[in-house]
Protein chains: 2
Amino acid sequence: MSRNNAGLSAERIIAEALRIIDGMGLRSLTMRRLGDALQVEAMAIYHHFPLGKEQLFGAIVEYISDPGRAAGEAAPPDGEDDGAAEEPEADARPWDERLRDWAHDYRAALLRHSGALPLMIHRRPDTATALRSTELHYAAFAEAGLAPASVPAAAAALDSYVVGAVVHQVRSEGLPSREPAAIDRRFPTVAALRGTGPGPDHAFTTGLDALLRGLCGGPG
Amino acid sequence: MSRNNAGLSAERIIAEALRIIDGMGLRSLTMRRLGDALQVEAMAIYHHFPLGKEQLFGAIVEYISDPGRAAGEAAPPDGEDDGAAEEPEADARPWDERLRDWAHDYRAALLRHSGALPLMIHRRPDTATALRSTELHYAAFAEAGLAPASVPAAAAALDSYVVGAVVHQVRSEGLPSREPAAIDRRFPTVAALRGTGPGPDHAFTTGLDALLRGLCGGPG
DNA sequence: ATCCTAGACTTACCGTGTAAAGCCGGTGGA
DNA sequence: TCCACCGGCTTTACACGGTAAGTCTAGGAT
C-alpha cells in the first residue's frame with residue numbers, strides 16, 4: 001500500500017481541496033499542495049480528475065451546492081448510508097417555510113466556503129443537485145399561488161438574493177483596500193447611519209422576508 | 001518615443017485589460033499578453049501598478065463600479081471634463097426612480113464586464129466610488145420613509161439583489177457542464193415551466209419591483 | 001557637456017498545470 | 001506456477017506565468 005493504492009478518492013480530494021481553499025484562499029490551491037496534503041504526488045489527482053483542475057473546480061462547486069452534504073458535513077460520519085430512505089416524499093411544511101429553510105441552508109453553505117465563490121460564477125447550474133433546488137423553488141412558488149408565468153422569475157429572484165447577500169457580506173468583510181475613502185461630509189447619510197444596522201444574519205432575514213412578501217403579495 | 005515613453009497610462013492599461021477579459025476571459029489576462037496588446041513589454045506595466053497584478057485587479061474593479069464611467073464609456077471621449085459641474089446637487093427625482101435607475105445602470109455595467117465578476121467578490125467596496133452608491137441608497141430609503149435602523153439592511157438587500165441577479169444570469173448562460181442532468185420526471189414542475197418565464201431583463205425588473213415593494217411597504 | 005531621473009526594456013528565477021512514460025502490486029486465466 | 005494485464009501512483013519533462021533585479025534611453029536640469 002506504500003507506493004500504489006494510497007486510498008485516494010474524489011471525495012477525499014474535494015474535501016481536502018476545500019480545506020485548503022477555506023484556510024488559505026483559492027489562489028493557494030495548487031495541485032502540488034493538494035497532493036502534499038493528501039500525501040500523494042500531484043499527478044495522482046489526475047487519475048480521479050483526468051480533465052484536470054477545471055474538472056476539480058466543477059466537482060467542488062457541485063459539492064458545495066449539495067444541500068444534503070451540508071447536513072452531514074458537521075456531523076461525524078456514522079458509517080452506513082440511509083439506504084432506501086432516498087425519496088423526497090413531498091415535504092408537507094408550508095411553502096414559505098420550505099423556501100426560508102432552503103435559503104438559510106444555502107447561505108450557510110456558501111458562507112462556509114466563501115473562498116470558492118469565484119468558481120461558481122461561470123458554471124451553469126445544470127447538475128441534478130441544482131435542478132433539485134429549482135424544482136423545490138418552482139413547486140413552492142406555485143403552491144404560494146403565483147401564476148405559472150411568474151414562477152421562474154420569482155425563483156430566479158430568490159436565488160439571486162441569496163447568492164448576492166453572501167457576496168455582499170463577503171465583500172464587506174474583505175481586507176480594506178490600500179486607500180479606503182474616508183467617510184466624511186461627502187457621505188452624510190452613511191456617516192449618520194454607520195454601524196446602526198443589524199448584523200448580517202438579521203439583515204439577511206429581513207431582506208428575505210421583504211423579497212418573499214414582495215413576490216407573493218400580501219403581508220405574509 | 002520608440003523605446004521608452006510609449007504613452008502608457010493606468011487608464012489605457014485598465015481599458016486594455018478589460019478588453020482582454022471581456023473577449024478571452026479572466027484566465028487569459030496575463031501580464032505578457034496585456035503588454036503585447038499595449039505594444040509594450042510586460043514589465044512596463046509594473047511602473048503604473050508597482051504592486052503587481054493584484055493592484056491592477058483592484059483598479060479594474062473600481063473602474064467597473066464607477067457609474068460615471070459607464071455613461072461615458074459608450075459615448076466618444078469629447079475631450080474636456082465638465083469642470084465645475086461636479087457636485088451631485090441633490091437629485092430631485094422620486095426616490096424609487098433613483099434606485100431603479102441605479103440598479104439598471106449597475107447591472108448593465110456588471111453584465112458588460114461579467115468576466116471580471118470573480119475579482120469583485122473578495123474586495124471591500126470602501127472606495128469613494130462605492131461609498132457614493134451607498135450614500136445614494138441610504139438617502140433614497142430614508143426618503144422613502146424607512147426607519148433609520150432599517151435603512152442599512154434595505155440598502156444591503158438592494159445591492160445583494162442586483163449583484164446576485166447578474167451572477168444568476170451569467171451562471172445560467174455559462175457553458176453546459178460535461179454531464180448535465182436531464183430534465184425528466186424527477187423535476188416535474190421544472191419540466192412544465194421550462195422556458196415559459198420572461199427573459200432575464202424583464203425578470204430582473206420584476207424581482208426588483210418585488211424587492212422594493214417588500215422593503216418599503218405598500219403596493220408601490 | 002554632464003548628470004539625473006522617469007519610464008521602458010532585458011534577463012532570470014521559481015512556481016504552476018499537465019503531458020507522457022515508468023513502475024509496482026494485485027488479479028485472472030493458462 | 002507463470003505471465004499478461006491493468007489500475008493507481010510516481011517520475012520526468014516542458015511551456016507558461018508573475019515578478020525581482022538590473023540595464024538602457026531620452027529629455028530636462030545644472
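Convention: sequence-line order gives letters A, B, ...; per-chain numbering from 1. As the structure is a prediction and not an experimental result, all values here were calculated from the model.
- Residue A:Met24 contributes atom CE, which lies 14 Å from atom P of C:dG15 at whole-angstrom precision.
- Partners of A:Phe204 under the ring pair (Phe, Tyr, Trp, His ring centres under 6.0 Å) rule, at least two apart in sequence or in another chain, are A:His104, A:Tyr161.
- With hydrogens and angles ignored, no donor-acceptor pair under 3.5 angstrom links the side chain of A:Arg32 to the base of C:dG15.
- Taking B:Arg124 as the reference, nothing meets the side-chain hydrogen bond (donor to acceptor under 3.5 Å, both in side chains) condition, with sequence neighbours excluded.
- Between A:Asp159 and B:Arg171 there is no salt bridge, since none of the side-chain N atoms of the basic residue sits less than 4.0 Å from a carboxylate O of the acidic one.
- Atom pair B:Arg27:CZ and C:dT18:C1' shows a separation of 14 Å (rounding to whole Å applied).
- When the local axes at the two ends of the helix from C:dA1-D:dT30 to C:dA30-D:dT1 are compared, using 5 base pairs at each end, they differ in direction by 10° after rounding to 10°.
- Taking the charged nitrogens against the carboxylate oxygens, B:Arg100 and B:Asp209 do have a contact shorter than 4.0 Å, which makes a salt bridge.
- Near-neighbour residues of DNA chain C inside residues 35-52 of chain A, defined by a heavy atom below 4.0 Å, number-ordered: A:Met43, A:Tyr46, A:Gly52.
- Rounding to whole angstrom units, CZ of residue A:Arg12 and P of D:dG8 are separated by 14 Å.
- With sequence neighbours excluded, no residue forms a salt bridge (Lys or Arg N to Asp or Glu O under 4.0 Å) with A:Arg185.
- Counting to the nearest Å, the P atom of D:dT19 and the CG atom of B:Leu34 are 12 Å from each other.
- Annotation: salt bridge (Lys or Arg N to Asp or Glu O under 4.0 Å) contacts of A:Arg107 (sequence neighbours excluded): A:Asp201.
- We find that CE of A:Met31 is positioned 17 Å from P of D:dT11, with the value rounded to whole Å.
- When atom types are taken as modelled, the side chain of B:Thr134 and the backbone of B:Ala130 share a donor-acceptor pair closer than 3.5 angstrom.
- No side-chain donor-acceptor contact under 3.5 Å links A:Glu16 to the backbone of A:Leu38.
- One N or O on the side chain of B:Arg123 and one on the backbone of B:Leu119 form a donor-acceptor pair closer than 3.5 Å.
- A:Lys53 places its NZ atom 18 Å from the P atom of D:dC16, with the value rounded to the nearest Å.
- With rounding to whole Å, A:Leu8 atom CG is found 13 Å from D:dT10 atom C1'.
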